[in-house]
Amino acid sequence: MGSNAELAEMFARMADVMQLVGENAFKAIAFQRVSRVLEETGIDVVAASKSGELPPIEGIGESSRRIIVEYAQTGKSRDYEQLIASVPAGVLEMLRIPGLGPKTVALLWRERGIESVDALEQAIGQGKLAGLKGVGAKKIASMLDGIRLLKAGMQRRGFVVVAPLVEEMLERLRSDARVGQAEAAGSFRRRRETVGDVDLLCWVHSSEDAQAVIESFCTQNGVEKVNASGRTKGSILVDKGFQIDLRIVPKENFGAALLYFTGSKEHNVKLRGLAQEQGMTLNEWGLYRVDQYNKAEKKPGEPPTIKPVAGGDEKSVYSALKLGYIEPELREDRGEIEAGIAQRLPRLVTREDIRGELHCHTTASDGRASIEQMAEAAKAMGYEYIAITDHSVSSVIANGLAPERLKAHIAAIRKAQDRVKGIHILAGSEVDILIDGSLDYEDALLAELDVVIASPHVSLKQDTAKATDRLLRAIESRYVHIIGHPTGRMINQREGLPLDMPKVIAAAAQAKTALEINAGWPRWDLNDLNARAAANAGVMISINTDAHAIESLGDIVMGLWVARRAWLTPTQIVNCMTYKQLMAWLKVKR
Ligand code: DGT
Ligand code: CA
Ligand code: CA
Ligand code: ZN
């Protein structure tokens, strides 16, 4: 029952509620710390609690331990339930508005009697927040942004938010002996950053088993509601109203069905048009010759009784249409079918093309591993190089390095290189782009670094003109190689800088400054469309994990999804260069 992540969430929520009701501030802070510790510890506290072997963990006191053990054993915590029950549900919901803290929620609740997100939206609309202490026009505007994000997020969930759920369901299906193959289709398979619902697909060895597989799907743990449960289709709600559909199709039709349900709808429509031009018809069952299809017997919910031209696997469908295989990430009707017809599909970047990491943090700032540990981990991934890029002085909460510390850090990186063989360790920095576009270190210091990433971290609510000028200044610095997470957006949480992207891209192309695809969730910044526009304009893209721990170096796969959705090929990516090429590229601007 449960996981570290669930427990962490529970403690964070308890801390919020305590602050909200103005109870025991120390305990609220303690619970916040417990939440962080739970997120970060390598110990599976639930499993350990169950077997009665939960070791003492720094930062987790006796009362928190009791809550953890109770939760691990019963799936519940009475403390939690009591606390939650002391506040109206709508007020708790208000805590989920991005950017709105417990103090403000308490104020709105106490002073204005606002008890739900909708009520807050109305109150703002009617000007009822006027005169509330500490709640000025700016704060109100940011509340509205937050409400909009919350509402959008409730409809479309972040990819990484639903991924564990989807993986778990796929694993469950795959370990079912009756199931031959199970895959996720839809926007999830296309790696969109948010998904509206999840579409699963499988085939079963014996058609008699289909209904039972659907039944088992609809009765698994965590199902809140069954929308449909038929012979070949099940549809359920899980995790507070999130929809998952499962369809079962015959093995012979699996490829065509996977293609159909992967979408996008726009891709499918164009593909069907292409089929028609070639005297064929394409549907979820297969690709058929029109003359045969028209004569065939068709029953709803069943494949037509003729042999398809193709349909068992996706590749055969594409190739029968004289197209190369179109990767799921490309299927958005953004020119991929035209490129397929012209035999000009991009050779999309893969994990094997990535030769190094150019953005990561160590214990010198806010990372959790040493220089050596990060380098060893990168080496174990088969990388040729890693750049250590800790935060600069203005990032106070991230323990950014003052100039003297940076100098010592550079020396420490050189020393680490003496000890770690088989990978090149570059000395770098993630320099803050300050509000006016100036950089956080003097040029002379930047010149001592092998790699400079410049990133905006704070003041992300500038207007377009200011924000764009700010980035342009950093782009034009001859010491800056890469702009890190250019917009600063967080998916479903904050919009980031409202940049004039064409202008930013043109400047980056001109100055030969690379732009980053930050692979870390919820950044994915640049997004797919902007990264594609940049690469088309000749801007080099760097896919960086921004890892703050060894495990996060693996986030590179997420960056690759974004890059593939951006049509990127290895030649457009900085960290697909060999070490030698990279060193030459780093010198181009200086
Ligand atoms: P989502 O769920 O909003 O994130 O996006 P999708 O792409 O997963 O859309 P969804 O779940 O409505 O449908 C899954 C796929 O099924 C979709 O990508 C293509 C296919 N599909 C659904 N409805 C239609 C339709 O009316 N026409 C065509 N051609 N395909 C459809
Ligand atoms: Ca979907
Ligand atoms: Ca769907
Ligand atoms: Zn960073």
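Since the model is a prediction, treat every value here as computed from it, not as a measurement. Just follow the structure's listing: the first ligand is 1, and inside any ligand the first atom is 1. Residues: numbered from 1 along the sequence shown.
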Any Lys/Arg nitrogen of [X] or [Y] sitting under 4.0 Å from an Asp/Glu carboxylate oxygen of the other?
X	Y	answer
Asp313	Lys251	no
Arg190	Glu332	yes
Arg189	Glu183	no

(Q) I want to check a possible cation-pi pair here: Arg355 against Tyr383, using under 6.0 Å from ring centre and within 45° of the ring axis as the test. (A) no

Q: Assert yes or no for the condition that the ring centre distance of Trp285 to Tyr260 is strictly below 6.0 Å.
A: no

Q. Backbone N or O of Arg331 within a donor-acceptor pair of the Ser264 side chain at under 3.5 Å?
A.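 Yes; judged by distance alone, with no hydrogens or angles, the pair exists.
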
Could an N or O of ligand 1 be found under 3.5 Å from any N or O of [X], whether backbone or side chain?
X	answer
Gly196	yes
Arg190	yes
Asp197	yes
Arg192	no

Looking only at protein heavy atoms, which one is nearest to [atom], and how far off is it?
atom	result
atom 20 (C) of ligand 1	Tyr260 O, 3.2 Å
atom 9 (O) of ligand 1	Asp199 OD2, 4.8 Å
atom 14 (C) of ligand 1	Phe261 O, 3.5 Å
atom 17 (C) of ligand 1	Gly263 CA, 3.9 Å
atom 26 (O) of ligand 1	Lys265 CE, 3.5 Å
atom 4 (O) of ligand 1	Ser187 OG, 2.5 Å

Q: Decide whether His359 and Glu516 meet the rule of one side-chain donor and one side-chain acceptor closer than 3.5 Å.
A: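 Note: His359 and Glu516 side chains meet the donor-acceptor criterion.
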
(Q) Below the 2.8 Å mark, what number of protein N, O or S atoms do you get around the Zn ion (ligand 4)? (A)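 For the Zn ion (ligand 4), protein nitrogen, oxygen or sulfur atoms under 2.8 Å: 4.
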
Q) At under 4.0 Å between heavy atoms, which part of Val198 makes contact with ligand 1: side chain, backbone, both or neither? A) neither

Q: For the Ca ion (ligand 2), find the closest N/O/S atom belonging to Asp197 and write down its atom name.
A: OD1

Q: Considering just N/O/S atoms, say which atom of Asp199 is closest to the Ca ion (ligand 2).
A: OD2

